[in-house]
Amino acid sequence: MTLQQIEIFNTLTRKKEKFVPINPPFVGMYVCGPTVYSDVHLGNCRTFISFDLIYRYLVHAGYKVRYVRNITDAGHLEGDRDEGEDKFAKKAKLEQVEPMEIVQKYTLGFRDVMRMFNTLSPSIEPTATGHILEQIEMTKQIIASGLAYESNGTVYFDVEKYSQKNNYGLLSNRKLEELLEGTRELGGQDEKKGRLDFALWIKAKPEHIMRWPSPWGSGFPGWHIECSAMSTKYLGTTFDIHGGGMDLIATHHTNEIAQSQACNHCEPVKYWMHTNMLTVNGVRMSKSAGNGFLPMELFTGNHKLLEKGYSPMSVRFFMLQTHYRSTLDFSNEALQASEKGFERLMNAVNTLEKLKTSEKSSSDIKPLHAKCYSAMNDDFNSPILLAHLFDGVKIINSTHAGTETISKEDLDLLKKTFHDFVFDVLGLKEEESASNNDELANNLMNLILEIRNEAKAKKDFSTSDKIRDGLAKTKISIKDSKEGTTWELQK
RNA sequence: GGUCAGGUGGCCGAGCGGCUAGGCAGAGCUCUGCAAAAGCUCCUACAGCGGUUCAAAUCCGCUCCUGACCUCCA
């Protein structure tokens with residue numbers, strides 16, 4: 001198929017731009033992944049689900065995407081300013097295990113959650129500890145270019161010197177003077193020369209377990225260098241898309257640009273994309289705020305703010321109903337609305353297979369098909385896409401009810417539209433229920449429904465209603481239609 | 001304090017100069033033995049105050065409110 005013309009909101013320019021890959025149809029996309037020292041919370045998941053949508057659409061639109069998402073398993077410190085404890089070491093001490101056991105546990109947990117949300121795996125999922133050499137090499141090159149210096153075993157990036165020839169605050173739209181205002185004065189004992197300088201390599205204290213030899217002694221990499229090193233290694237010195245949460249703009253991505261620029265002497269990224277935050281009662285969900293939801297809590301409903309559990313696909317649908325650059329507020333009501341909406345959409349997808357065709361169509365499917373593409377081409381506007389798909393749902397249900405007609409040709413296009421967008425692009429899927437995967441339940445239910453239909457045929461409605469009410473008490477709902485009676489487990 | 005986003009109907013959320021999405025909830029009707037599902041119809045909002053315009057939820061100004069970033073966090 002021909003490539004779709006997509007517009008992407010670029011954080012660099014703060015406006016939508018035509019997406020023109022450096023080397024079409026190939027696209028390189030790097031997304032900052034999780035730091036695996038604890039369970040991912042729902043806010044993290046939102047970002048990865050957003051980029052899953054973006055990845056899926058780019059692939060659907062005909063691009064050959066190399067999608068790289070890192071696993072941060074080293075180098076992050078508690079607290080600020082290159083001091084404090086290593087997060088992994090802290091957690092390991094707490095759980096009395098090796099730091100790498102922490103890494104393993106939460107990496108596997110993260111992948112499980114991503115699988116439940118039906119996200120596609122990245123093409124490459126590199127780890128920080130697997131790329132220590134690359135990070136050391138990059139640090140050496142930055143020192144060689146004169147933009148970093150070693151001080152007592154720690155290597156710092158010289159932000160003020162970098163700023164003489166580059167715009168350090170390019171991505172965050174801040175001036176150096178403004179940034180300097182927000183920092184403290186350096187004390188006499190500081191190793192750093194400048195207040196904004198940040199560490200590329202950090203000297204390990206004696207008790208530090210995760211450490212590697214380097215030209216500057218035994219230590220570990222700084223906070224930001226892993227992404228620069230790994231994106232350069234797998235996508236080149238300049239690549240198409242770099243993504244992450246909006247909270248990474250000011251520090252992490254700003255420093256990433258500076259490092260890559262200092263090392264490779266070119267702008268590392270053409271399009272910077274940032275997803276907005278998930279909020280709870282208007283406040284950002286975060287680990288430090290203690291208002292984080294774990295995916296499993298949401299699925300099971302085992303959380304004090306939840307009335308019930310919600311399935312992974314309902315949650316995915318909930319997130320897709322909001323544009324990735326808007327904040328999304330989390331509430332029982334909103335989740336319940338999404339659950340119902342998702343169900344309606346999936347019911348229509350099933351009904352689609354049963355539709356009978358006519359000579360002529362009473363509505364035109366081609367515009368609907370085109371509008372779905374327009375929605376996604378406009379900076380991946382999934383809420384608009386869903387609105388169009390619900391127009392399609394109405395057509396499907398009306399045709400099924402006999403108030404509309406559809407031709408063979410239009411039905412084929414409608415099916416293709418739904419399959420492409422619901423499954424391939426939005427990444428939604430039918431959720432398993434007892435009604436389609438449990439043979440015993442099926443056999444029992446068939447018998448019960450047969451008895452009920454016999455009662456109905458004899459107009460013995462007290463018996464048929466007794467069966468229906470009894471089933472309802474065990475969370476089984478049944479529906480009578482012209483084609484027969486169906487059943488399903490209530491959510 | 002600095003920087004930047006927002007404030008849309010009962011709720012969630014698109015739109016961002018004229019055609020006034022969509023989902024959920026609510027009301028009525030059709031279908032049905034009754035339900036459920038589905039269909040049809042109704043409910044029509046853009047924080048406030050000014051201004052620009054033939055025309056503003058959409059542009060400009062002011063006011064109020066909320067949030068984010070500036071410190072680890074997607």
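Each chain gets a letter, A, B and so on, in the order the sequences are listed, and its residues count up from 1.
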Next on the checklist: So, OP1 or OP2 of B/rA74: does either fall under 4.0 Å of a side-chain N or O from A/Asn44?
Outcome noted: yes
Item to check | Residue A/Arg344, side-chain heavy atoms: nucleotide from B/rG13, B/rC12, B/rG23 that is nearest | outcome: B/rG23
Checklist entry - Using a cut-off of 4.0 Å on non-hydrogen atoms, how would the nucleic acid contact of A/Ile478 be classed: base, sugar-phosphate, or nothing? => result base
Checklist entry - Phosphate oxygens OP1/OP2 of B/rA35: is one of them under 4.0 Å from a side-chain N or O of A/Lys479? => result no
Checklist entry - Taking the six-membered ring of A/Phe9 as reference, does the NZ or CZ atom of A/Arg325 fall below 6.0 Å from its centre and within a 45° cone about the axis? => result yes
Checklist outcome for this item: Given the options A/Thr127, A/Thr129, A/Thr35, A/Ile71 meets side-chain contact (heavy atoms from CB on, under 4.5 Å) only with A/Thr127
Item to check | Pairing partner (Watson-Crick or G-U wobble, both distances under 3.5 angstrom) of B/rG61 | outcome: B/rC49
Checklist entry - With no hydrogens and no angle check, is any side-chain donor or acceptor of A/Arg14 less than 3.5 Å from a backbone partner on A/Thr11? => result yes
Item to check | Touch class at under 4.0 angstrom, heavy-atom based, for A/Gly243 against every strand present | outcome: nothing
Next on the checklist: With a 4.0 Å cutoff (strictly under), does any side-chain N or O of A/Arg174 reach OP1 or OP2 of B/rC70?
Outcome noted: no
Checklist entry - Between B/rA74, B/rC24, B/rA21, which nucleotide has the shortest distance from any of its atoms to the side chain of A/Lys340? => result B/rC24
Next on the checklist: As a test of reading the structure: which of B/rC40, B/rG13, B/rC72 is closest to the side chain of A/Lys394, going by heavy atoms?
Outcome noted: B/rC40
Item to check | Nucleotide nearest A/Asp465 when distance is taken to its side chain, options B/rA74, B/rG39, B/rG33 | outcome: B/rG33
Next on the checklist: Side chain of A/Ala250 only, heavy atoms from C-beta on: which candidate in B/rA21, B/rC40, B/rC70 is closest?
Outcome noted: B/rC70
Next on the checklist: With rounding to the closest Å, how many angstrom separate the C1' atoms on B/rG50 and B/rC40?
Outcome noted: 44 Å
Checklist outcome for this item: Closest of B/rA14, B/rC34, B/rG22 to the A/His323 side chain is B/rA14
Checklist entry - Looking for any heavy atom pair under 4.0 Å, which part of the strands does A/Val31 touch: base, sugar-phosphate only, or nothing? => result nothing
Next on the checklist: The side chain of A/Ile384 is closest to which nucleotide in this list: B/rA35, B/rA21, B/rG33?
Outcome noted: B/rA21
Checklist entry - If you look at every strand shown and take non-hydrogen atoms under 4.0 Å, does A/Leu278 touch a base, only sugar-phosphate, or nothing? => result base
Next on the checklist: Using a 3.5 Å distance criterion without hydrogens, assess whether the side chain of A/Lys203 forms a donor-acceptor pair with backbone atoms of A/Gly219.
Outcome noted: no
Checklist outcome for this item: Ranking B/rA14, B/rG23, B/rG39 by distance to the side chain of A/Ser326, first place goes to B/rA14
Checklist entry - Does A/Asn381 place a side-chain N or O at less than 4.0 Å from the phosphate oxygens OP1/OP2 of B/rA21? => result no
Checklist entry - Within the pair A/Thr251 and B/rU71, is there a side-chain N or O less than 4.0 Å away from OP1 or OP2? => result no
Item to check | Given RNA chain B, 5'-ward residue of the pair A/Asn397 and A/Arg14, judged by closest heavy atom | outcome: A/Arg14
Next on the checklist: Donor-acceptor check, side chain of A/Arg452 to backbone of A/Ile467, threshold 3.5 angstrom: yes or no?
Outcome noted: no
Checklist entry - If you look at every strand shown and take non-hydrogen atoms under 4.0 Å, does A/Gly244 touch a base, only sugar-phosphate, or nothing? => result sugar-phosphate
Checklist entry - Which distance, rounded to the nearest 0.5 Å, do you find between the CG of A/Leu428 and the CZ of A/Phe117? => result 12.0 Å
Next on the checklist: The side chain of A/Asp247 is closest to which nucleotide in this list: B/rA14, B/rC73, B/rC11?
Outcome noted: B/rC73
Item to check | A/Phe390, nearest nucleotide to its side chain (from B/rA74, B/rG22, B/rG39) | outcome: B/rG22
Checklist entry - How close or far is atom P of B/rC4 from atom NZ of A/Lys15, stated in whole angstroms? => result 16 Å
